[in-house]
Amino acid sequence: KCRYNIKHFYEVYDDEEEKIQRREMEIIHDMHTAIDKKQFTVFLQPKVNLYNEKACGAEALVRWIHPKKGMIPPNIFIPVFEKNGFIADLDYYMWEQVCILLRKWIDEGKKINPVSVNVSRISLYNPNLVHKLLKLINKYGIAPQYLHLEITESAYMTNPSMMLMIIEDLHKAGFTILMDDFGSGYSSLNALKDFPIDMLKIDMNFLPRGSMVERSRIIISSVIHMAKRLGIKVIMEGVETQEQRDFLRDLQCDYIQGYFYSKPIPVTEYEDKYINLMDF
Ligand code: C2E
Ligand code: MG
Ligand code: MG
Ligand code: MG
């Protein structure tokens, strides 16, 4: 006799499907007003320089504070926004919020470090990208080296030849380019070979865990070694333990980011902890 109750399985599956679809429709319904109602917020996660253990910048990560549902995590709504194109509006909103923040810190006489923003595939292939970014930083009087751009590895291969031109244009404009989630896709090495990026962020799934520790170590150390020979800086994401930190420091990884130092935190908390008055 069959061990699974097929009928029951489909009913459960239908229920799940329906729930996901309903949630997606609610997200689409609510997203249009969410920007105007200021429901999207910037959280900042510090990046730490492993040579001196000092915070050397941050990544801006979006949080949706929904009036009825509370905080919705990005992995719920970003995929929906990527499907319906709204991600371009959200990306632009986040970039502007970061520029406003950098301007505020400069006006307050604070010493500023670069903040990186995430650039989705749709924003990336918009022919106006460089123009939009330049207009934005000029509006707030921010030098391009303070806005780092995180581009997820999989976005590079959608249209490699166009991508190469986009990166060249971004470089000419003075922006720093970081390949996010390195190693998570199917053409990581091709992407590394073909695109003159400035920094590589190794996907957190490569961190030593469980029984595959030795394999993880070998892969991470090889990637760091390779990047160094290519003149590319390396940052490791998702560092949670002291062992992982020590291991990366031994390998001379340049920067790390992760819960070991700090979770992504609200701007005010970041300011209290990491933004110091410029010393005269
Ligand atoms: P990502 O850019 O690769 O960001 C890293 C994710 O890992 C963040 O999740 C961060 O909170 C999480 N993280 C950081 N340190 C640790 C750690 O030590 N352990 C673990 N387990 N996780 C850690 P988050 O904030 O939920 O964002 C998820 C993804 O959503 C991001 O991945 C990025 O792809 C996307 N995203 C977030 N904000 C934006 C945005 O403003 N625009 C776009 N286009 N995408 C965004
Ligand atoms: Mg990122
Ligand atoms: Mg990442
Ligand atoms: Mg990631």
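The chain is numbered in sequence order, starting from 1. Note that ligands are numbered from 1 as they come in the structure, with each ligand's atoms numbered from 1 the same way.
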Determine whether Glu26 and Arg22 satisfy the following criterion, salt bridge (Lys or Arg N to Asp or Glu O under 4.0 Å), listing intermediate values before the conclusion.
CA-CA 6 Å; Glu26 286 169 1; Arg22 198 173 335 110; 5.5 Å; no
For ligand 1, indicate whether the residue Glu237 contacts it via side chain, backbone, both or neither (heavy-atom separation under 4.0 Å).
side chain
Is the backbone of Asp91 close enough, under 3.5 Å, to the side chain of Asn118 for a donor and an acceptor to pair up by distance?
no
Ser187 side chain vs Asn190 backbone, donor-acceptor pair below 3.5 Å:
no
Closer than 2.8 Å to the Mg ion (ligand 2), how many protein N/O/S atoms do you count?
4
Could you establish whether Met204 and ligand 1 come within less than 4.0 Å of each other, counting only heavy atoms on the residue side?
yes
Enumerate the atoms of ligand 1 whose separation from the nearest heavy atom of Glu240 is less than 4.0 angstrom.
17 (C), 18 (O), 19 (N), 20 (C), 21 (N)
State whether a side-chain donor-acceptor pair under 3.5 Å links His148 with Asp198.
no
Contact (N/O only, under 3.5 Å) between Gln257 and ligand 1
no
Using a strict 4.0 Å cut-off to heavy atoms of Pro264, name the atoms of ligand 1 that fall inside it.
11 (O)
Answer yes if the side chains of Gln45 and Tyr261 hold a donor-acceptor pair under 3.5 Å, and no otherwise.
no
With only distance considered, is Val62 within less than 3.5 Å of ligand 1 through an N or O on each side?
yes
Looking only at atom types and distance, does a side-chain atom of Tyr146 sit under 3.5 Å from a main-chain N or O of Cys99, one as donor and one as acceptor?
no
Identify whether the distance between the nearest side-chain nitrogen and carboxylate oxygen of Glu240 and Lys263 falls below 4.0 Å.
no
Go through ligand 1 atom by atom and flag the ones less than 4.0 Å from a non-hydrogen atom of Pro74.
24 (P), 25 (O), 26 (O), 27 (O), 30 (O)
Using non-hydrogen atoms of the residue, decide whether Pro73 is closer than 4.0 angstrom to ligand 1.
no
Part of Asn75 with heavy atoms under 4.0 Å of ligand 1, whether side chain, backbone, both or neither:
neither
Name the residue from Asn126, Ile87, Thr158 that meets the side-chain contact (heavy atoms from CB on, under 4.5 Å) definition with Arg121.
Thr158
Any idea which atoms of ligand 1 are less than 4.0 Å away from a heavy-atom of Ser120?
44 (N)
With heavy atoms of Gln45 as the reference, note each atom of ligand 1 found under 4.0 Å away.
14 (C), 15 (N)
Which heavy atom in Ala88 sits nearest to a heavy atom in Ser123, and how many Å separate them?
CA-OG, 3.8 Å
If you measure from each non-hydrogen atom of Val117 to ligand 1, which part falls under 4.0 Å: side chain, backbone, both or neither?
neither
Measure the shortest side-chain to side-chain distance between Leu133 and Leu149 over non-hydrogen atoms and say whether it is less than 4.5 angstrom.
yes
Gly258 heavy atoms, cut-off 4.0 Å: which ligand 1 atoms fall inside?
15 (N), 18 (O)
Any Glu59 heavy atom less than 4.0 Å to ligand 1:
yes
Partners passing side chain to side chain donor-acceptor pair (under 3.5 Å) against Glu150 (at least two apart in sequence or in another chain)
Lys47, Ser116, Lys201
For a quick check under 3.5 Å, do Ser188 and Glu153 share a side-chain donor-acceptor pair by atom type?
yes
Quick one: does Gln257's side chain have a donor or acceptor within less than 3.5 Å of a partner on Glu237's backbone?
no
Within less than 4.0 angstrom of ligand 1, does Arg63 place any heavy atom?
yes
Is any side-chain heavy atom of Asp194 closer than 4.5 Å to a side-chain heavy atom of Leu164?
no
At under 4.0 Å between heavy atoms, which part of Lys201 makes contact with ligand 1: side chain, backbone, both or neither?
neither
Could you tell me whether Asp180 approaches ligand 1 through its side chain, its backbone, both or neither, with non-hydrogen atoms closer than 4.0 Å?
side chain
Polar side-chain atom of Ser222 near backbone of Ile218 as donor-acceptor pair, under 3.5 Å:
yes
Nearest-option assignment for atom 42 (N) of ligand 1, heavy atoms, candidates Leu61, Asp91, Leu207
Asp91
